[in-house]
Asks: 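First the structure, which I've put down as structure tokens, then a few questions once you've had a look.
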Amino acid sequence: MFWHHALLALLASGKALAIGQETCLSFEPSSSAFSIVSKGKAAQIFVSNDEWPGVQLAASNFVSDIHSVTGVAPSISNATANSTSLHTASFPIIVGTLGKSSLIDQVVNNSKLDVSSIQGQWEAFMTRVVDNPLPGVKKAYVIIGADKRGSIFALYDHSEQAGVSPWYWWADVPATPHTNIFVAPSGCSHGSPTVKYRGFFLNDEQPALQNWAMEKFTNGTGAALTGSPFNHFFYTKLFELTLRIKGNYLWPAQWSSAFNVDDPMNQFLADFYGVVMGTSHEEPMMRSIPVEWGLFGQGPWDYETNSAFIYNFWVEGVQRAKPYESLYTVGMRGNGDLPLGPTTNIALLEKIVSDQRQIFTDEFPGVNITTIPQVWTLYEEVEGYYDEGMRVPDDITLMWTDDTWGNMRRYPVLSERNRTGGAGVYYHYDLVGPPRDYKWIQSTQISKVFEQMSLAVDREATRVWIVNVGDLKPLEMSTEFFVNYGWNATRWNLNNLDTFVSSWAQREFGLDAQDGKEVAAIVANMTTFLARRKPELLNSTTFSLTNYREAENVAAAWSATNQSAARIYNKLTTAQKVAFFQLVYHPVQAGYTLTNMWIAAGQNNMRAFQARLSANNLADQVEALFETDYDLEHEYHSLLNGKWDHMMDQTHTFYSYWQEPTQNMMPPVQKVSSRKPNIFGAMRITPEGTLAAWPGDNEYQCSNGYNCPPPAITLDAFVPFGSRYIDVGMGGSVPFTFTATPNVSWAKVSTSHGSLSASNPEQRVFLSVDWSKVTGAEVAEIWFNATATGISSFQLPVYLTANHTTVPSTFKGFVEGDGTVSIEAAHATRNTTVGEVTWTEIPNYGRTLSGVTPWPRLGNNEANYTAGTGPSLEYDFYNFNTIGQAGNVSVEVYVSPSWNANGADRPLGLGVQVDSQTPQVTYFFPTPPPGADPPQWNGNDGYVANNILTFSGNFTAWPGAHTLKLWMIEPAVVVQKLVINTGGVLPSYLGPPESVIIS
Ligand SMILES: *[C@@H]1O[C@H](CO)[C@@H](O)[C@H](O)[C@H]1NC(C)=O
């Protein structure tokens with residue numbers, strides 16, 4: 001029984017405690033478990049005084065972590081094998097690094113402990129209860145790192161399992177209290193990480209991070225030469241966080257600061273803590289550009305004319321960095337993240353790199369410079385130089401980059417995978433740049449990060465990973481995911497990606513498994529909604545106000561997600577609420593509020609145009625939501641007496657070009673006179689799907705714009721919503737009552753009468769059809785009759801055409817409604833594997849439901865297929881119409897805006913086929929000139945703004961049953977949605993909602 005309990009506790013708590021790690025701690029005793037804390041007594045921790053200072057620091061942080069969980073602090077002391085304190089300790093924990101700690105080396109020698117699984121393995125660790133570790137010591141728990149960070153990661157791993165989040169300071173996650181902590185005798189272990197250098201880049205730190213740091217880490221003035229607030233008080237917090245999430249590498253903030261100049265302790269302490277420093281892709285040789293160059297440079301930043309000065313500038317960078325573990329950026333870009341001038345040529349750049357190598361040779365005498373970690377980042381135009389033939393020595397890591405919007409431009413192709421320096425990835429979660437900055441709240445889906453970064457693993461770009469995280473907050477979870485995935489990529493796959501978020505939620509907010517899952521769903525929804533279009537790109541007509549109920553449904557989905565987040569929030573303790581607000585509830589509420597504000601503004605504008613008094617309520621709503629937006633920002637800034645003041649300073653409305661505006665502005669709203677009667681009477685009739693309104697002339701009623709007939713709408717049997725609506729509203733100051741009366745029994749109204757007044761100026765009436773009573777197309781008249789005091793009664797018919805489309809009883813599949821067959825790509829009727837490759841769903845990915853992609857990506861030896869030979873997906877559909885009734889349909893394919901990242905000779909392609917017609921193969925991503933973006937990528941309506949790329953083909957498909965088939969041509973194509981246009985597709989942002997499926 002006892003046993004059973006311990007096991008249950010381990011199972012119940014294990015997953016939540018250390019995301020993605022095997023767990024060895026438990027909170028219930030078992031006969032063999034070693035006690036870290038029990039019965040109010042804590043173990044004693046021993047390190048060696050020749051241990052790395054960073055390990056000693058992590059060990060003392062481990063002590064405070066155990067204290068915050070249990071209220072009891074283990075003691076910590078330096079010891080040798082002979083120390084009395086070690087011999088008399090009841091539960092000694094011996095921590096040390098192989099080959100560094102004389103204490104741990106003695107344990108290994110004496111106990112003959114087999115450390116071969118970690119010896120010489122970068123950042124690996126093992127832990128174990130060891131009998132007779134040293135003469136006279138009966139038993140100890142030993143924590144052994146293969147190197148400095150191996151020991152540090154082992155300690156922080158234990159902290160996390162014990163109940164201290166890596167974000168305890170950065171997101172105020174409270175420790176989970178426990179009375180006892182035990183460890184299984186077999187301990188924990190971890191081999192070398194998948195990615196050797198893993199970390200993040202603070203960037204574009206104005207206005208949020210910099211103003212916050214100035215307030216929290218300085219007396220208001222910042223560093224002497226730069227005014228930067230990023231001193232070692234700030235950075236040591238960041239170093240600790242980096243290590244706690246199992247990262248090891250940082251690019252420091254660069255725009256108004258110079259890491260090594262602002263505070264001479266910065267670089268020393270990074271190394272002391274155990275963090276490898278680098279500089280961004282445009283800052284060679286460990287010097288900050290533009291700031292340090294601005295301070296100390298003389299002459300132009302131009303190697304052609306000023307090489308002597310620049311050379312020495314770099315020499316000083318290397319001299320300053322060489323005592324510390326560093327990863328050197330090589331190459332050169334223009335000053336301020338810009339391309340070098342027009343005269344730059346490959347020969348000059350190759351000379352630059354060769355001079356930089358000379359500096360290493362001179363500054364590291366006796367060292368083989370190929371062992372000094374160096375990286376050359378192929379960012380934008382630099383990738384162009386590479387494409388045009390520029391090469392660097394083989395030991396320099398080639399860092400491939402995304403398009404700044406999360407789509408990798410390139411991965412190493414087969415011939416590039418055997419370089420000794422390997423390859424890496426520079427990725428973005430945050431951007432200042434075209435088409436729009438995106439910096440405000442989390443707008444990246446981890447499913448997308450997984451899709452892109454698992455390809456980096458497959459294609460061996462695993463030497464260095466760095467992600468641009470802007471201000472770091474509020475991108476906490478996705479930052480941890482990026483680093484954690486690099487730490488152990490084997491742990492995460494398409495089937496368990498959700499458990500990253502649910503275990504994260506359990507760890508951060510002390511939730512049970514059920515609520516953890518709910519948070520995973522909230523986060524999946526939130527990031528889907530914010531990724532389908534970055535908040536900075538929203539406007540009042542992003543989502544269609546007239547077609548497919550799109551705007552309303554987007555708002556409703558946000559509302560449901562917000563309610564779900566509120567439910568979780570309300571059950572948390574005060575301390576947990578603070579963390580939950582930062583990590584989940586704020587972005588949900590903020591995203592909901594902003595989207596709702598834009599949608600309400602669009603609806604206001606439309607209703608005002610239609611002379612509907614209800615526009616005024618929406619104007620009020622827009623104003624209220626605009627205030628709520630600031631309230632939420634203020635609430636964030638007021639948490640814990642202002643601990644995170646300024647962190648949400650980023651403006652987020654009315655970008656007119658890529659750069660941020662200096663202030664948030666409210667969308668324009670319009671009002672309808674509430675004092676004047678409408679000149680066409682009291683009642684306005686507005687059918688779904690049009691900007692027209694009746695009575696009175698309106699340019700959208702008919703092409704003339706005057707003398708138009710009454711409204712007419714059509715409903716067929718397979719329209720996904722199953723109804724149409726008519727909004728009945730006041731057109732001005734006159735209240736009225738109305739009736740809605742169909743002239744036939746098959747036409748149904750959701751309400752047959754209503755009474756409208758200033759406080760309730762509008763009512764929505766849904767029209768539906770009793771299909772059992774309709775054959776073919778029949779027309780009903782729905783009479784809307786208004787009665788108002790003082791004016792004569794008014795009536796208007798709405799003509800409803802009910803088109804009873806039917807499919808043969810044997811048909812299964814998607815059925816046309818509304819002139820389209822819309823299909824989520826994951827809902828295939830058949831899925832055919834070829835070899836080991838199968839089209840596989842990536843859940844919670846993309847703009848609507850998910851994506852499908854051929855899996856595994858290295859299948860078929862990475863070769864491509866000709867259309868008709870590879871893995872395929874089939875979708876059975878039934879149509880009643882064709883375009884112009886001429887026998888053709890067009891098939892529009894919605895794919896992720898992935899680049900031709902497998903090299904120019906292997907562009908992404910997909911085969912599309914209808915029935916037995918010839919498959920049409922499309923290579924959909926245009927190849928830009930080297931280092932450039934294709935024009936379709938950019939702009940407010942381009943690939944990345946819309947976060948989708950679509951292409952289409954025409955096929956013959958006379959009314960009846962058909963099969964649409966997708967053929968794999970190339971790996972790494974992700975299909976999200978398919979829209980077959982039979983003549984009725986209308987403009988919208990997300991495309992028509994999914995059609996009815998008969999199964
Ligand atoms: C152990 O020794 C090191 C090096 O002398 C010292 O910095 C550290 O503070 C000592 N630790 C403890 C816990 O006494």
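For ligands, and for the atoms within them, numbers begin at 1 and follow the listed sequence. Keep in mind that the numbers below use all heavy atoms, side chains included, and drop hydrogens, waters and symmetry copies.
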Asks: Can you say whether the rings of F509 and F580 are parallel (under 30°), tilted (30 to 60°) or perpendicular (over 60°)?
Replies: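 Perpendicular: the ring planes of F509 and F580 meet at over 60°.
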Asks: Would you say the ring centroid of H158 lies under 6.0 angstrom from that of F153?
Replies: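 No, the ring centres sit 6.0 Å or more apart.
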Asks: Who's touching ligand 1 if we go heavy atoms under 4.0 Å?
Replies: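 For ligand 1, the residues that come within the 4.0 Å heavy-atom cutoff are N49, Q56, I76, N78.
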Asks: According to salt bridge (Lys or Arg N to Asp or Glu O under 4.0 Å), who are the partners of R287, at least two apart in sequence or on a separate chain?
Replies: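 For R287 the salt bridge (Lys or Arg N to Asp or Glu O under 4.0 Å) partners, ignoring immediate neighbours, are E292, E316.
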Asks: With T361, which residues qualify under side-chain contact (heavy atoms from CB on, under 4.5 Å), at least two apart?
Replies: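 Only Q358, I369 meet the side-chain contact (heavy atoms from CB on, under 4.5 Å) criterion with T361.
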Asks: Is it true that W251 and W465 have ring centroids separated by less than 6.0 Å?
Replies: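 Ring-ring flag for W251/W465: false, centres at least 6.0 Å apart.
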Asks: Identify each donor-acceptor pair in which a side-chain atom of residues 65-73 lies under 3.5 Å from a protein atom, sequence neighbours left out, and give them as a table.
Replies:
{"residue": "D65", "atom": "OD1", "partner": "R244", "partner atom": "NH2", "Å": "3.2"}
{"residue": "D65", "atom": "OD2", "partner": "S159", "partner atom": "OG", "Å": "2.5"}
{"residue": "D65", "atom": "OD2", "partner": "R244", "partner atom": "NH1", "Å": "2.9"}
{"residue": "D65", "atom": "OD2", "partner": "R244", "partner atom": "NH2", "Å": "3.1"}
{"residue": "S68", "atom": "OG", "partner": "S64", "partner atom": "O", "Å": "3.3"}
{"residue": "S68", "atom": "OG", "partner": "D65", "partner atom": "O", "Å": "3.0"}
{"residue": "T70", "atom": "OG1", "partner": "I66", "partner atom": "O", "Å": "2.8"}
{"residue": "T70", "atom": "OG1", "partner": "V72", "partner atom": "N", "Å": "3.0"}
{"residue": "T70", "atom": "OG1", "partner": "V72", "partner atom": "O", "Å": "3.1"}

